[in-house]
Amino acid sequence: MNQTMKALVGGGITFVIGLVLWQFTGDIETPVVTLTKLGVVLMALGVLEVLYGLYKGVARK
């Protein structure tokens, strides 16, 4: 698996985990961080990683 595919798959997985946290952990209280906010951050990081993978794929050709 090359770096482009790793970035795309890793970003997709990160986005899905963030989406699950954002959708289903609204009523869970944690002392340090709100899980819904963590989900939003993970979704943003996932999108950035997917965009980076797409950039690497296009720039390589």
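Computed from a prediction, not measured in an experiment: that's the story for all the values here.
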When clusters are formed by joining ILVMFWY residues with side-chain heavy atoms under 4.5 Å apart, either directly or through shared neighbours, do [X] and [Y] land in the same one?
{"X": "I28", "Y": "L21", "result": "yes"}
{"X": "L38", "Y": "L48", "result": "no"}
{"X": "V40", "Y": "F15", "result": "yes"}

Between T14 and L42, what is the shortest heavy-atom contact and its length?
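Closest approach of T14 to L42: CG2-O, 3.4 Å.
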Could you note down all residue pairs passing side-chain hydrogen bond (donor to acceptor under 3.5 Å, both in side chains) where residues 23-45 supplies at least one of them, sequence neighbours left out?
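Applying side-chain hydrogen bond (donor to acceptor under 3.5 Å, both in side chains) to every pair that reaches into residues 23-45, excluding sequence neighbours, yields nothing.
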Check step by step if side-chain contact (heavy atoms from CB on, under 4.5 Å) holds for V16 and I13.
CA-CA 5 Å; V16 169; I13 290 171; 5.8 Å; no
Checking one residue: L45. Which other hydrophobic residues are in its cluster under the side-chain 4.5 Å linking rule?
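Via sub-4.5 Å side-chain contacts, L45 links to V41.
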What pairs of donor and acceptor atoms, side-chain ones from residues 2-12 against any protein atom, are under 3.5 angstrom apart with sequence neighbours left out?
residue	atom	partner	partner atom	Å
N2	OD1	M5	N	3.0
Q3	OE1	K56	NZ	3.1

